[in-house]
Amino acid sequence: MLSQSQKRKIRPEAVSSAPGRPLPRAFFEVPPERVAPLLLGKVLTHNSSLGRMAGRIVEVEAYLGPHNIPPDPAAHSHRGPTPRNLVLFGPAGYAYVYTIYGRYFCMNVGCEIEGRAGCVLLRALEPISGLDQMARNRGLPRSAAARELTAGPSRLCQALGLTRIAHNGLDLTSASSVLQICDDGYPAPEVLITPRIGIHEAVDWPLRFALARHHCVSGSRAMRGHS
DNA sequence: CTGTGGATTTGCT
DNA sequence: GCAAATCCACAGG
């Protein structure tokens, strides 16, 4: 049983940035174009052996499952299940982490009910805690700007130490998971909606969502919503 | 500030 | 074989 004084030894940082419970599975059991804007402002946390790293989600993209009409030709799932994309066809709330261009990783969250493979790609975070470790993971000096750490889908994976082998298929809604997405009460943000980045099909679909004018959103000033 | 090209692994045709 | 939901270094304005 804890004494009063022991209870008060909780560090202020651990309280203020303490993630509540992870978002429940039901949060993710709707189509990705609806989940995506709701994820803005939520906090992604990785409790790794190197320490706890967390960042606020400031930019995402929705990718639609093959059941959609018309189907989304830019989605990895658009030709049906394969060994790579299998987790997307399972229940909502699981991490889909894949290798890109041989050297980087990208992380998605699976959406919708089992059998429907919609997902949301996490494209940028605002670093909240574990910044020193993030800089080490990125091979940058401790003085590096926040947006150098986590503005970009592969940058954020590198900063948090996320890999396909270790993290693909993890349940993000489990209280015991090392990888979680939580709501810390951040207010509903002003959302910028644009076409998706880095794709060659369906280039004009408005499925990229970002916090307007946030400095940790990837790309140029225009991509961040500045006039 | 913008634009260009190379790195390097994986999954699928 | 080849294309890929990227990043970085470097060139030029």
Side-chain angles (χ1 to χ4, degrees), chain A residues 31-33 35-37 39-40 44 55 57-66 68 70-90 94-112 116-125 127 134-141 143-169 192-210 213 215-227:
Chain A
E33 68 274 24
V35 175
L39 277 174
L40 295 176
L44 175 69
I57 298 168
V58 300
E59 182 184 354
V60 297
E61 284 174 356
Y63 287 85
L64 312 185
N68 245 94
D72 179 358
H76 285 182
S77 63
H78 87 281
R79 289 180 192 269
T82 67
R84 177 174 67 161
N85 65 27
L86 197 56
V87 306
L88 294 179
F89 289 86
Y94 285 79
Y96 169 50
V97 182
Y98 66 90
T99 310
I100 189 166
Y101 297 108
R103 18 169 61 199
Y104 301 110
F105 300 102
C106 293
M107 176 183 166
N108 302 248
V109 186
C111 300
E112 306 182 277
R116 299 198 168 194
C119 67
V120 176
L121 170 70
L122 305 186
R123 284 196 55 91
L125 307 176
M134 289 187 195
R136 276 194 290 277
N137 289 345
R138 293 267 299 120
L140 295 171
S143 60
R147 64 185 319 272
E148 299 293 303
L149 297 177
T150 52
S154 295
R155 287 173 171 181
L156 74 87
C157 285
Q158 194 172 38
L160 298 210
L162 306 181
T163 64
R164 181 179 66 86
I165 296 297
H167 303 284
N168 186 47
L192 176 73
I193 306 179
T194 78
R196 296 172 292 185
I197 297 185
I199 56 170
H200 300 282
E201 308 276 350
V203 293
D204 54 349
W205 295 17
L207 293 176
R208 170 177 175 260
F209 305 85
R213 295 175 298 283
H215 66 287
C216 289
V217 170
S218 72
S220 62
R221 277 178 70 80
M223 302 298 306
R224 278 174 249 147
H226 290 272
S227 40

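Residue numbers start from 1 in every chain, and the chains themselves are labelled A, B, ... in the order their sequence lines are given, proteins ahead of strands.
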Check nucleotides 11-13 of chain C for protein N or O atoms closer than 3.5 Å to its own N or O atoms and list the pairs.
none

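Of all heavy-atom pairs spanning A:Glu112 and A:Gly118, the tightest one is OE1-N, 3.1 Å. Closest non-hydrogen pair, A:Ala95 versus A:Val87, comes out as O-CG2, 3.8 Å.
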* Structure fact -> DNA chain B in dot-bracket form (Watson-Crick or G-U pairs under 3.5 Å, [ ] crossing, | inter-strand) is |||||||.||||.
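Looking at A:Arg147, its side chain does come within 3.5 Å of a backbone N or O of A:Val217 through a donor-acceptor pair.
Considering CZ of A:Phe105 and CG of A:Asn168, their distance stands at 10.0 Å, rounded to 0.5 Å.
Both A:Pro83 and A:Arg221 lie near DNA chain B, and the one whose nearest nucleotide falls closer to the 5' end is A:Arg221.
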* To do: Could you walk me through whether A:Leu44 and A:Met107 pass the side chain to side chain contact (heavy atoms under 4.5 Å, CB included) test, one step at a time?
  => CA-CA 11 Å; A:Leu44 175 69; A:Met107 176 183 166; 4.2 Å; yes
* Where do A:Gln158 and A:Leu149 land on the side chain to side chain contact (heavy atoms under 4.5 Å, CB included) test, with the steps shown first? -> CA-CA 9 Å; A:Gln158 194 172 38; A:Leu149 297 177; over 6 Å; no
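A:Arg138 has no carboxylate O lying under 4.0 Å from a charged side-chain N of A:Glu148, or vice versa, which leaves the two without a salt bridge. Checked for salt-bridge contact, A:Arg196 and A:Asp204 miss the test: no charged N lies under 4.0 Å from a carboxylate O.
Between the side chains of A:Thr150 and A:Arg155, not a single donor N or O lies within less than 3.5 Å of an accepting N or O.
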* Could you run through nucleotides 1-6 of chain C and give me one letter per nucleotide, 5' to 3': B if any protein heavy atom sits under 4.0 Å from the base, S if only the sugar-phosphate is that close, - if neither? => ---BBB
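In this structure, the CG atom of A:Asn137 is 15 Å from the P atom of C:dC7, given to the nearest Å. Separating the CZ atom of A:Phe105 from the P atom of B:dT8 is a distance of 15 Å, rounded to the nearest angstrom.
Less than 6.0 angstrom separates the ring centroid of A:Tyr96 from the ring centroid of A:Tyr98.
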